[in-house]
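Worth knowing before you read on, the calculation uses all heavy atoms, side chains too, and leaves out hydrogens, waters and symmetry mates. It should be emphasised that the depicted structure is a prediction, and the values quoted were computed from it without experimental measurement.
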Amino acid sequence: MVRRRGIPGSDRHLTLRARQAAQGALPSHHALAQLVLRRLGELPQDVGAADVEALVVPVTEPEHQETGLPAGAPVPATLRGVVEATLNAPLGTLVERGVVPSAEVLAELVPQLVAATTAQAYPDEALRTLMAANYRAFRNRRSLLLLHLERQVRIEELPWVRAVSGQRGDEAAQEDAHTALRQLGELAVQGFPGTLLPNPLVRELGVLARQADLGAPMVEELAADIFMGTFAPKFLTAARIAGDLLRGTLYERYYGIDYATLRNGAIAEAAEALTRSYRPRTSPRFARLCAARAGSSGQGSVAANGKMIEQAQILTTHNLATLVRQVGIAPEPGWEDLARRCFRTVCRLTARVHHNPRPLATIKDAAYAWRQLIFFLALCTPAEQSRLLSRLDEETARHPAHVAARLAPALAGLHLVAGGGSFPADGTALGGRARRFLGWATGEHWLHRLPPTRGQASG
């Protein structure tokens with residue numbers, strides 16, 4: 001006790017006790033939280049706060065008189081973080097400040113904006129209010145996963161929505177929908193470049209795309225456990241759009257895609273559809289192509305289904321090409337920055353694989369982020385590509401050593417293709433030292449196996 005605190009009564013001991021007494025006299029976090037709660041309680045409870053700074057200022061003199069808390073006591077940072085979540089601001093501001101931490105949270109907020117945008121098509125103010133409320137209520141329904149490409153009813157198919165459809169101002173509505181679609185697409189891609197667009201967000205983007213009449217098919221992430229081995233026709237259309245954007249680029253070479261042949265197949269299938277009396281609900285050509293690329297026809301196991309679905313995502317870029325080519329998004333500060341942030345996401349997810357007994361979901365997400373890295377790299381200029389490729393090792397060095405070891409085959413494969421090389425059919429090259437990074441595997445994924453260190457015998 002004497003070694004740690006000093007002899008009782010000594011200057012050292014008295015100084016320690018005085019400091020402890022001052023700390024003990026500070027108000028508890030619970031007491032300060034009750035004060036912040038009182039401040040929040042005085043605001044309207046159905047809208048956010050326009051200014052959160054006023055809610056987290058130190059204890060004022062009147063509050064001291066009412067509560068007994070010492071005047072000037074600061075609000076702890078933990079409480080500030082909770083209060084900042086009440087900020088009422090444009091979505092871009094919320095994403096920038098971290099109030100919206102993920103694409104999934106963004107998808108929860110988007111229906112409010114889409115409701116307001118779709119309602120603007122009605123010149124009558126009362127009808128606008130009604131249709132906005134109708135849209136919000138419709139989005140609160142329970143979503144279902146259906147078999148055989150069946151889908152739930154769309155909002156425009158509701159009888160009462162169709163009954164007032166003649167009141168819409170279509171030209172202005174299309175322009176508003178296009179503007180909102182472009183802004184939301186840019187926000188999602190810029191805010192979360194390494195994340196697959198979640199299905200709820202894809203659904204809202206699809207509503208705006210149909211209203212804007214852009215010919216911009218938005219494709220969902222399919223569930224591998226109920227996949228039936230078929231795709232809707234919009235998947236082939238989305239792949240054709242991707243080919244128009246990416247033909248001859250790094251993306252096409254890295255994934256070994258023949259977009260010219262795919263485009264011809266899309267045209268042929270469209271011509272066949274014109275001879276029928278009904279619109280085809282499936283795209284057999286696209287399903288056969290995905291099965292051939294995956295080495296599986298699907299419906300054998302969840303992993304086999306996942307491999308086939310992943311090939312569909314590769315061919316379509318999972319909406320990225322559609323957003324760039326058809327919608328016209330141009331996120332700031334540019335494609336190189338988005339590619340760099342994607343690689344950070346890849347490294348962060350790869351770090352979680354270490355000692356993870358169930359790493360497949362993490363590996364899958366890392367592969368999705370890697371695919372979006374390749375997409376953004378393909379849109380960079382040659383100088384930007386070269387600059388970024390030369391700095392990837394610097395980024396891996398900021399993470400645990402096993403991250404660089406695990407990603408070495410993927411990086412070798414990327415440098416191989418960027419230098420003009422290509423992968424053989426099995427996706428490996430240079431004796432297995434270079435690999436094409438895919439997320440789904442029917443056995444153990446190579447990313448899970450930590451390569452032997454130098455001087456260590458390989459098993």
Side-chain angles (χ1 to χ4, degrees), residues 188-190 192-197 219 221 238-239 241-259 262 290 293-294 307 309-325 329 331 334-350 363-393 395-396 403 406-424 427-429 434-441 445-447:
V189 172
Q190 181 178 329
F192 313 101
T195 303
L196 202 71
L197 294 180
V219 296
E221 181 184 13
I241 293 172
D244 293 340
L245 177 68
L246 298 170
R247 192 177 307 157
T249 65
L250 174 69
Y251 189 95
E252 183 182 43
R253 299 197 308 274
Y254 181 85
Y255 287 110
I257 306 171
D258 185 354
Y259 272 125
L262 188 148
C290 292
R293 290 176 56 85
K307 291 176 66 176
I309 293 171
E310 184 175 24
Q311 289 301 321
Q313 293 176 338
I314 289 172
L315 294 171
T316 63
T317 71
H318 195 68
N319 302 305
L320 292 180
T322 299
L323 288 173
V324 173
R325 183 172 176 81
I329 68 169
W335 305 118
E336 182 184 3
D337 178 76
L338 296 182
R340 184 182 300 110
R341 292 166 58 196
C342 278
F343 188 67
R344 290 175 188 164
T345 301
V346 172
C347 292
R348 186 177 69 252
L349 292 171
T350 302
I363 292 174
K364 181 178 65 174
D365 290 341
Y368 293 167
W370 180 269
R371 184 181 69 238
Q372 302 200 170
L373 158 70
I374 302 297
F375 176 83
F376 296 134
L377 265 177
L379 300 184
C380 291
T381 64
E384 290 173 335
Q385 284 186 13
S386 178
R387 181 168 57 243
L388 182 58
L389 289 171
S390 66
R391 295 176 178 174
L392 295 182
D393 290 337
E395 179 60 34
T396 57
V403 171
R406 294 181 191 279
L407 288 177
L411 289 172
L414 177 56
H415 287 293
L416 169 70
V417 177
S422 60
F423 287 108
T428 63
R435 291 180 176 271
R436 181 185 291 136
F437 192 180
L438 301 176
W440 285 89
H445 198 284
W446 56 266
L447 191 71

Do you know which two heavy atoms are closest between [X] and [Y], and how far apart they sit?
| X | Y | answer |
| --- | --- | --- |
| Glu395 | Cys347 | CG-SG, 4.1 Å |
| Gly439 | Ile363 | O-CG2, 4.0 Å |
| Leu389 | His415 | O-CE1, 3.4 Å |
| Leu438 | His445 | O-NE2, 2.6 Å |
| Ala242 | Tyr259 | CB-OH, 3.8 Å |
| Gln190 | Pro193 | O-CD, 3.7 Å |

[atom2] on [Y] to [atom1] on [X], rounded to 0.5 Å:
| X | Y | atom1 | atom2 | value |
| --- | --- | --- | --- | --- |
| Thr316 | Ile241 | OG1 | CD1 | 10.0 Å |
| Leu320 | Leu197 | CG | CG | 6.0 Å |
| Leu407 | Arg435 | CG | CZ | 13.0 Å |
| Arg247 | Asp258 | CZ | CG | 9.0 Å |
| Leu349 | Arg344 | CG | CZ | 14.0 Å |
| Leu250 | Arg253 | CG | CZ | 5.5 Å |

Measuring only between side-chain heavy atoms, which start at C-beta, is [X] closer than 4.5 Å to [Y]?
| X | Y | result |
| --- | --- | --- |
| Leu414 | Leu392 | yes |
| Tyr251 | Arg371 | yes |
| Leu411 | Phe343 | yes |
| Val219 | Thr322 | no |
| Trp370 | Arg436 | no |
| Phe376 | Val189 | yes |
| Thr249 | Leu379 | no |

Between the main-chain N or O of [Y] and the side-chain N or O of [X], is there a donor-acceptor pair closer than 3.5 Å?
| X | Y | answer |
| --- | --- | --- |
| Glu252 | Gly248 | yes |
| Thr428 | Pro424 | no |
| Gln372 | Ala369 | no |
| Arg293 | Gly256 | yes |
| Ser386 | Pro382 | no |
| Thr396 | Asp393 | yes |

Under the side-chain contact (heavy atoms from CB on, under 4.5 Å) rule, what do Ser422 and Val417 come out as? Steps first, then yes or no, please.
CA-CA 5 Å; Ser422 60; Val417 177; 5.7 Å; no
Checking Trp446 now: which residues fulfil ring-ring contact (aromatic ring centres under 6.0 Å, His included) with it, not counting sequence neighbours?
Phe437
If you apply the rule side-chain contact (heavy atoms from CB on, under 4.5 Å), what do you find for Phe375 with Val324, and how did you get there?
CA-CA 11 Å; Phe375 176 83; Val324 173; 4.0 Å; yes
Does any pair with a residue in residues 309-321 pass salt bridge (Lys or Arg N to Asp or Glu O under 4.0 Å), and if so which ones, sequence neighbours excluded?
none
Verdict with reasoning, Phe423 to Tyr254, per ring-ring contact (aromatic ring centres under 6.0 Å, His included)
CA-CA 8 Å; Phe423 287 108; Tyr254 181 85; 5.6 Å; yes
Let me see the working for Gln313 and Tyr368 under side-chain contact (heavy atoms from CB on, under 4.5 Å), right down to the final yes or no.
CA-CA 9 Å; Gln313 293 176 338; Tyr368 293 167; 3.4 Å; yes
Under a 4.0 Å threshold between the charged nitrogen and the carboxylate oxygen, would Glu336 count as salt-bridged to Arg387?
yes
